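Heads up, the thing below is written out as structure tokens.
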2 protein chains.
Amino acid sequence: MSAIGKRTTIDDLARSLGLTKSTVSRALNDYPDISEKTRLRVRNAATALSYRPLSHAQAIKTGRVRSIGLVLQVSEHDGHRPFLADFLAGITEASAAQDWTLTLATANSTSDAVRLLEKLSQERKADGFILPRTYSEDLRIDALRAAHIPFVLYGRTDNIADCAWYDIAGEAAMFEAVETLYNLGHRRIGFVPGGAGYHYAKLRLHGYRDGLAAVGLDFDDQLVSANAVDKPQGFNAVSQLLALKQPPTAIVCSVDHAAVGAYDAIRSLGLKVGHEVSLISYDGIPEGAVLSPELSTYSVDTNLAGARLAELLIRRVRGEPPQDLREIGKARFLDRGSHGPVLLSSADLAAQIAR
Amino acid sequence: MSAIGKRTTIDDLARSLGLTKSTVSRALNDYPDISEKTRLRVRNAATALSYRPLSHAQAIKTGRVRSIGLVLQVSEHDGHRPFLADFLAGITEASAAQDWTLTLATANSTSDAVRLLEKLSQERKADGFILPRTYSEDLRIDALRAAHIPFVLYGRTDNIADCAWYDIAGEAAMFEAVETLYNLGHRRIGFVPGGAGYHYAKLRLHGYRDGLAAVGLDFDDQLVSANAVDKPQGFNAVSQLLALKQPPTAIVCSVDHAAVGAYDAIRSLGLKVGHEVSLISYDGIPEGAVLSPELSTYSVDTNLAGARLAELLIRRVRGEPPQDLREIGKARFLDRGSHGPVLLSSADLAAQIAR
DNA sequence: AAAAGTTCCGAAACCGGTTTCGGCAAGGGT
DNA sequence: ACCCTTGCCGAAACCGGTTTCGGAACTTTT
């Protein structure tokens, strides 16, 4: 690898300035016992010689490599797969702004993820981790907590001790969706929950129930289908709901990919989305815009999420307590064509379906 | 960050064995001057105490952090966006097998990418880089070459000096597509080139031309449309081709996303894909399977590409010459419904379109 | 049995930064 | 005029590994 183009080290820099490397180091790190004059001299010389400290040489004393760890579980049902690039861009841009980088790994299972988290941390490839797709009971969190490794959740979880997080208020969106549909005259409102075990699914179901309570509708567990996170599951879930004696005239979906299946289910009964059956969903996947009618859904700013998570994690690594590092964002409603005023009563709808 | 759970250092390990750390280090790194007996003793003790060397502490002497760098340009037209997760998984899995990791960054422009490459390398956040989406003339390559930083291309380029690469033989696929269509009776075969400036686009156009030559058809530059890398561009490109006095009865697309637009263009003229107009494309995006008829296309194993690239780069960093690190894979043809025997002559097709 | 190799490990330098500690010189107070 | 700060920088330890060098103990050769 040819030794051409030797790096300039801190010693080179110090020598060229007639200072010692300790002074140079403190000047560059803004120690208070360095005069403003020499601080500037050092800074200028550093840029002139294009000096860049080796991050691993710094790390040996500071213990920090200025790197965010992220372990993706690729086998997951990935509603966020289309958002991956945005998510990563959000993290890396926010990180780069503070001179941090992203160390990425992929796992095939939760236990694999735990193993990688521990390994990356022990080798100090990362100073802390962003945990995407949190479960209500999450082994990754348990492991990091036990090992006192800094982390930030993308999502929330049951046991929030020592947890920092960024999350979108999916429950608020579901709540609002129920209200919206109620105001359009719907009185039988179904719900398609998201992935079992994921905490977001639990929260969104709560939001749905709270929404019902707020508008004065009774909760009917028949109106909650099986969990659905993709097109076929969504198809089955909605078929199941529409086969009820008193079918829902509106359905709230936890994830867009299930809603795509819902379109097929509704159409296969000779009904039209947004007319006989209204649909409101959550995620904001691009496919929603090419369906007809376009899917009414709550969209998530994944780039922003990545950026916020990176900033929170860096603060966490720097020692801020997790209680101060909890942030909730809002999903933005895309008011499109898949929902509308109630057209038929539930009974009439049942009759129509029976034909 | 509580000092609970102190790491075991190499000194701890040495002390517990009654050896010096130099012996331990050499034992773990398979130096020949360590007896087999002590080598085993050390290994066992290391796993027993779960000793994991700090990668940055090693790096200070070795100069390597065992990390692959990847700078994504997020603003690119990303045919490979849907494959991003697969690509990253391929890289990280192959890297992890050799105890390497992936350092990821994102850029908004080529100059931004160059800046990041240099920065990451100078701070030694990465030992070398994978360069995705290569251009025929690529500033990133120039920069890395000039700085003697190891890199591997995903794709090829004009000036291949000092270049190692992995690439899929897109030109062979285009060649074969022309042959296939010729054998089905097509004599007017159009071509939709990919992104201007990208080297893959140049290669695939060559493949198309060579294919024509091989079957004995003349090259007609009218049959080559404008560049197209997404749906609207594909729509325009194919509309342009079908508006010719002697329109093609078959079209080869450089990228699937353009082919999706081709479907619309063909249908809007009252024609059916795979009947009046045949279509063969390249990439293997998932959307191709939900079109009707399903898109005939050459699919790329992106996961494998990531894995091969990681392995090549690691060898490159270890000092193998780039000439020995060039590898070409093959795209797999998905023989589906968007192409078939010629139905109308070009003249008849023109007449039909005119109506 | 002495000389010459081998085998194997310890001692110490080294990598490139950061951080602690101490001291000199200038400034301020009495 | 003297002492005490304060400001500012140099000297040296330190971080946790890797690598070079030298030498003791043990074999082999002559």
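All values reported here derive from a predicted model rather than from experimental measurement. Quick note on labels: first sequence line is chain A, next is B, and so on, each numbered from 1.
Heavy-atom nearest nucleotides on DNA chain C were determined for Ile60(B) and for Arg26(B), and the one closer to the 5' end corresponds to Arg26(B). Residues Asp33(A) and Lys61(B) both approach DNA chain D. Their nearest nucleotides, taken by heavy-atom distance, put Asp33(A) toward the 5′ side.
Thr62(A) comes within 4.0 angstrom of sugar-phosphate atoms only, judged by non-hydrogen atoms across all strands, and of no base. When heavy atoms are screened at a 4.0 angstrom cut-off, Ser25(A) is found touching base atoms of the nucleic acid.
At whole-Å resolution of the value, CD in Glu123(A) and P in dG16(D) are 16 Å apart. The distance from atom CZ of Arg64(B) to atom C1' of dG17(D) is 16 Å, rounded to the nearest whole Å. In this structure, His56(A) places its NE2 atom 13 Å from C1' of dC14(C), rounding to the nearest Å. What separates CG of Asn29(A) from C1' of dT20(C) is a distance of 15 Å, to the nearest Å. One interatomic measurement links the two molecules: CZ of Arg66(A) to P of dT18(C), which rounds to 9 Å at whole-angstrom precision. Rounded to whole Å, the distance from NZ on Lys37(B) to C1' on dC9(C) is 12 Å. Distance, Asp30(A) CG to dC8(D) P: 14 Å, rounded to whole Å. At whole-Å resolution of the value, CG in Leu19(B) and C1' in dC8(C) are 11 Å apart.
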Can you list the steps and then say if Thr101(B) with Thr103(A) is a side-chain hydrogen bond (donor to acceptor under 3.5 Å, both in side chains)? CA-CA 7 Å; Thr101(B) 52; Thr103(A) 295; 5.3 Å; no

Test side chain to side chain contact (heavy atoms under 4.5 Å, CB included) applied to Arg39(A) and Tyr31(A), step by step: CA-CA 9 Å; Arg39(A) 189 194 318 284; Tyr31(A) 273 58; 5.8 Å; no

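Contact check, Arg7(B) against dG17(D): a side-chain N or O comes under 4.0 Å of OP1 or OP2. Taking only side-chain nitrogens and oxygens, Thr9(B) never comes nearer than 4.0 Å to OP1 or OP2 of dC15(D). Taking only side-chain nitrogens and oxygens, Tyr31(A) never comes nearer than 4.0 Å to OP1 or OP2 of dT18(C). Between dG17(C) and Tyr51(A), a contact under 4.0 Å exists linking OP1 or OP2 to a side-chain N or O. Not one side-chain nitrogen or oxygen of Thr38(B) sits closer than 4.0 Å to the OP1 or OP2 atom of dC8(C). Contact between the side-chain N/O atoms of Arg124(B) and the OP1/OP2 oxygens of dG17(C) is not found at any separation under 4.0 Å. For Thr23(A), no side-chain nitrogen or oxygen approaches OP1 or OP2 of dC9(D) to under 4.0 Å.
Between Gln58(A) and Arg66(A), the side chains place a donor N or O and an acceptor N or O closer than 3.5 Å (distance only, hydrogens not considered). Judged purely by distance below 3.5 Å, without hydrogens or angles, the side chains of Gln98(A) and Arg315(A) never pair a donor atom with an acceptor atom.
In this structure a side-chain-to-backbone donor-acceptor pair under 3.5 Å is present from Thr92(B) to Leu88(B).
Below the 3.5 angstrom threshold, one finds a donor paired with an acceptor across the side chain of Lys21(A) and the base of dG17(C). Donor-acceptor pairing under 3.5 Å, judged by distance alone, is present between the side chain of Ser22(A) and the base of dA11(D).
When distances are taken from the side chain of Ala57(A) to each of dG16(C), dG16(D), dC15(D), the shortest belongs to dG16(C). Taking the side chain of Ile10(A) as heavy atoms from C-beta on, and the options dA11(C), dT18(C), dG10(D), the nearest nucleotide is dT18(C).
Of all heavy-atom pairs spanning His199(B) and Arg156(B), the tightest one is CB-O, 3.3 Å.
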